[in-house]
Amino acid sequence: MPDFCVRRSIRGNYLIMTVRVRFAPSPTGYLHIGSARTALFNYLYARHTGGRFLLRIEDTDLARSTDESTRSILDGLKWLGFAPDEEIVFQSNNADKHREAAKRLLAEGKAYRDFTPKAEPNDANVKEAIKERARQQGGDKNFRDNPYRDLSSEESDARAAAGEPFAIRLKVPAEGKTSFEDGVYGLQERDYSETEDLVLLRSDGHPLYNLAVVLDDIEMQITDVIRGQDHLTNTHKQLLIYSALDAEPPRFAHLPLILAPNKGKLSKRKHGEVVSMTTYRDAGFVAAAFRNFLALLGWSAGEEKEIYSLDELIKKFTLEGIHRSNAVFNFHEGDPKRWTDDKAIWMNAEYIRTMSLAELLPLVKSELKANKLWREEYEPDGRALMTSISSTSAQAFESSTEIGDRPESIAIDRPRYGSHDWFVSTVDLIRARFFTLKDFSTQGRAYFSEDFDFDPAAVAKNLTKFPELQEWLPELADRFEAELGEIGADQPVAGNLPLTDACCSDRFFESNIEAVVKAFAEEKGTKLGVIMNGARTLLTGVAVGPSMLSVFETIGLSRTIYRLKSRLAWNEGVKDPVVR
RNA sequence: GUCCGGUUCGUCUAGGGGUUAGGACACCGCCCUUUCACGGCGGCAACACGGGUUCAAAUCCCGUACCGGAUACCA
């Protein structure tokens, strides 16, 4: 007995079925933003109702489906965190069952053989051709005038036996209408006269989409179909198939579409990478942030809150909160700084600066790893990058409970340079200004490597403009060494600076640094900012960043000295003169 | 063409008979400040149009316009 009969009797007895939804992409490209949101809403609905979230790959169109696309879709879903609760169903594996069902309907007289020769589609512009044909038919088309519709079964069988090719079409009743209560759009009705006798099986024996979907949804015991609004007319067709199959249809909910900035359709072909999920993953988006952004595109909990954890989304998600109007994905074509929706970028930054470090750290780690900036010492149980730590400070760090014993000028809770704790506090320090995870390896590169670039704009603004700094900054380095260097320790700054001696002073911390820099600026009769920003550029390569006092301390004394004395930035400024 | 759906700041949206039409992003200004952010304060900015119903319409009804979707031996 087919599944749908079982389901029907269960429903008839008012037994509560657990919700089963599916996300059913066709593998003809990467996972794009619209599909991703559909997956999200299905996932949220399943979790909200305590149901199951399934995945089905609709690969019945062999010509267009690719394994690469399937992989890309799976990657996207994995990144977003939507793992299916059951094994993935590949629709093409069920083709035999689909054919079987079509033949059954034929035998039952609910479908018929159509011997009309297959029209060769002018593949170039199928969509346009179909539209044009429909336009010409106008309002007075008659979907029931197929000459083969009422062919006697004897003749039909005979022609088939003779080897004449045929498609199998569903016999849609002449009078009546399909109707269903949509979870989002409410009551939907469509007169049969608007629905053609749809093809179930192609003349080459391939089952078609609508048949396959219905059969698979029945077999997978799907209770709720949540999909794009572009499927609204398919739903009416599918209802007809459910009815022919004598099966109970699931509930349906259609989602508004996501449009391009010109309010046109968002297409993979036209808009390319900006709509692909893997683009966002690769651009350093936090999956949770993008998920959050996606959730707000076409859905709202009816409150002013905008930042939702996954758990909160699950708790608050309802079909009632879904809109009926389409949303615009407002990216800015050709603007590298605003290449995607402003709000998505903002939300990602918001996540980066507010999410827990426990969640952020692994993301930063993989970003650094990918750029060869990661060091094992940053692991929680890794050793600090300091071999010659003084006994005083080592003790201070390890037993910070005895604060009273230590002289005031020694930083007692400063993490050892290059240690896990240093890594954590550095990430925490610099994340406030970052928009994507990429920033940790680009803008933030100087914190993790000696090999970083100088932003020409920063050099121009903070260095070239004040030629005196060429002398002053190395002088400041000497001052640091003299006044805040390790007393008695001999730590020469080598040209090829080993990271292991990058911090060799217990006195190189904010308040001490501030005193030195302030005195230095006063002595030179210049504004503090000139010194600070010049140093910022030399130390980090960029013009923006945290308070310089924190930067000095985080970079550490040795590297500060080294970088302040480096001619790299200055030389670059010379060899790259302003073009007239 | 026909069928279906939609229309609140530039964008995402709240509001569903009585609101100074609220929030967020973006943008602008001020404050904070060694830079840039963050943060704080403030500003700009919307009910597509026309008819009805009603004491009262962004909200309900009808029409128009515009936008979108569908229309296939694609999915």
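We use all heavy atoms of the structure for the numbers below, so side chains are in, but hydrogens, waters and symmetry mates are not. Below, chains carry the letters A, B, ... as their sequence lines are ordered, and counting in each starts from 1.
Comparing the C1' positions of B:C41 and B:U54 gives an interatomic distance of 42 Å, to the nearest angstrom. For the C1' atom pair drawn from B:C12 and B:A45, the interatomic distance equals 15 Å after rounding to whole Å. Distance check on atom C1': B:A57 versus B:C47 gives 11 Å, rounded to whole Å. Between B:G63 and B:C3, the two P atoms lie 13 Å apart (nearest whole Å). Comparing the same atom, P, in B:C49 and in B:U59 gives a spacing of 10 Å after rounding to whole Å. Atom name P, nucleotides B:G16 and B:C60: the rounded distance is 10 Å, in whole Å. Going from the P atom of B:C38 to that of B:C25 covers 10 Å, rounded to whole Å. Straight-line distance between the C1' atoms of B:C27 and B:C9: roughly 12 Å, to the nearest whole Å.
Residue A:Thr60 has a polar side-chain atom (N or O) positioned under 4.0 Å from OP1 or OP2 of B:A75. Side-chain nitrogen and oxygen atoms of A:Lys237 include none within less than 4.0 Å of the OP1 or OP2 phosphate oxygen of B:A70. Look at A:Lys265 and you'll find a side-chain N or O under 4.0 angstrom from OP1 or OP2 of B:A70. Between A:His323 and B:U7 there is no side-chain N or O to OP1 or OP2 distance below 4.0 Å. At B:C74, one or more side-chain N or O atoms of A:Arg202 fall inside 4.0 Å of OP1 or OP2 (strictly under the cut-off). The side chain of A:Thr233 places no N or O atom within less than 4.0 Å of a non-bridging phosphate oxygen (OP1 or OP2) of B:U71.
When both pairing distances are held under 3.5 Å, B:G29 makes a Watson-Crick or G-U pair with B:C41. Nucleotide B:G17 has no partner under the Watson-Crick or G-U criteria, as no pair reaches both atom distances under 3.5 Å. B:U34 is unpaired under the Watson-Crick or G-U wobble criterion, no partner having all donor-acceptor distances under 3.5 Å. In this structure, B:G68 forms a base pair with B:C4, meeting either the Watson-Crick or the G-U wobble geometry with both donor-acceptor distances under 3.5 Å. With a cut-off of 3.5 Å on both Watson-Crick or G-U wobble distances, the partner of B:G63 is given as B:C49. For B:A58, there is no paired base (Watson-Crick or G-U wobble, both distances below 3.5 Å). If you check B:C9 for Watson-Crick or wobble pairing at under 3.5 angstrom, you find it has no partner at all.
A donor-acceptor contact under 3.5 angstrom links the side-chain atoms of A:Arg433 to the base of B:C36. Side-chain atoms of A:Ser203 come within donor-acceptor range of the base of B:C73, with a qualifying N/O pair under 3.5 Å.
Salt bridge absent: A:Glu523 and A:Lys518 never bring a charged side-chain N and a carboxylate O closer than 4.0 Å.
Side chains of A:Asp216 and A:Gln91: a donor-acceptor N/O pair is present below 3.5 angstrom, by distance only. Side chain to side chain, A:Ser35 and A:His32 meet the donor-acceptor criterion of an N or O pair below 3.5 Å. A:Glu359 and A:Ser356 are linked by a side-chain donor-acceptor pair at a separation below 3.5 angstrom, with hydrogens and angles left out of the test. A:Asn234 and A:His231 form a side-chain donor-acceptor contact under 3.5 Å, judged by distance and modelled atom types alone.
Remark: A:Asn93 pairs with A:Phe90 by the side-chain contact (heavy atoms from CB on, under 4.5 Å) rule, at least two apart or across chains.
Residue A:Lys305 is classed as having no contact, given no heavy-atom separation below 4.0 Å to the nucleic acid. Nucleic acid contact class of A:Leu296 (heavy atoms, under 4.0 Å, all strands): sugar-phosphate only. Nucleic acid contact class of A:Ala167 (heavy atoms, under 4.0 Å, all strands): base. At a threshold of 4.0 angstrom between heavy atoms, the contacts of A:Tyr185 are confined to the sugar-phosphate backbone, with no base atom among them. Using a 4.0 Å heavy-atom distance criterion, A:Lys461 is classed as a sugar-phosphate-only contact. Within the nucleic acid shown, A:Gln188 comes within 4.0 Å of sugar-phosphate atoms alone, with no base atom in reach, counting heavy atoms only. A:Ala543 comes within 4.0 angstrom of a nucleotide base, judged by non-hydrogen atoms across all strands. Residue contacts for A:Gly298: at a heavy-atom cut-off of 4.0 Å it reaches the sugar-phosphate backbone alone, with no base atom in range. Nucleic acid contact class of A:Thr28 (heavy atoms, under 4.0 Å, all strands): none. Across all strands shown, A:Asn462 has no heavy atoms under 4.0 Å from either base or sugar-phosphate atoms. Among the atoms of the strands shown, base atoms are found under 4.0 Å from some heavy atom of A:Pro117.
Screening A:Lys110, A:Arg113, A:Arg149 for a salt bridge (charged side-chain N to carboxylate O under 4.0 Å, His left out) involving A:Asp197 leaves a single residue, A:Arg149. Applying side-chain contact (heavy atoms from CB on, under 4.5 Å) to A:Ser156 and the options A:Phe166, A:Phe115, A:Tyr148 leaves one that passes, A:Phe115. The one candidate from A:Arg169, A:Arg159, A:Lys171, A:Arg202 that meets the salt bridge (charged side-chain N to carboxylate O under 4.0 Å, His left out) condition with A:Asp114 is A:Arg169.
By the neighbour-count criterion of 12 heavy atoms within 6.0 Å, atom CD of A:Glu471 is sparsely surrounded, having that number or fewer from other residues, nucleotides or ligands.
When distances run from any side-chain atom of A:Arg133 to the nucleotides B:U13, B:A72, B:A70, the shortest one goes to B:A72. Closest to the side chain of A:Gln229, out of B:G5, B:G6, B:C3, is B:G5. For A:Val126, the side-chain atoms get nearest to B:A72 when compared with the rest of B:A75, B:G6, B:A72.
Taking atom CZ of residue A:Arg431 and atom P of nucleotide B:G39, one finds them 13 Å apart after rounding to whole Å.
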At under 4.0 Å between heavy atoms, which parts of nucleotides 23-34 of chain B does protein reach? Answer with one letter per nucleotide, 5' to 3': B base, S sugar-phosphate only, - none. SBSS-------B
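Atom CZ of A:Phe466 is separated from atom CD1 of A:Ile531 by 9.5 Å, given to the nearest 0.5 angstrom.
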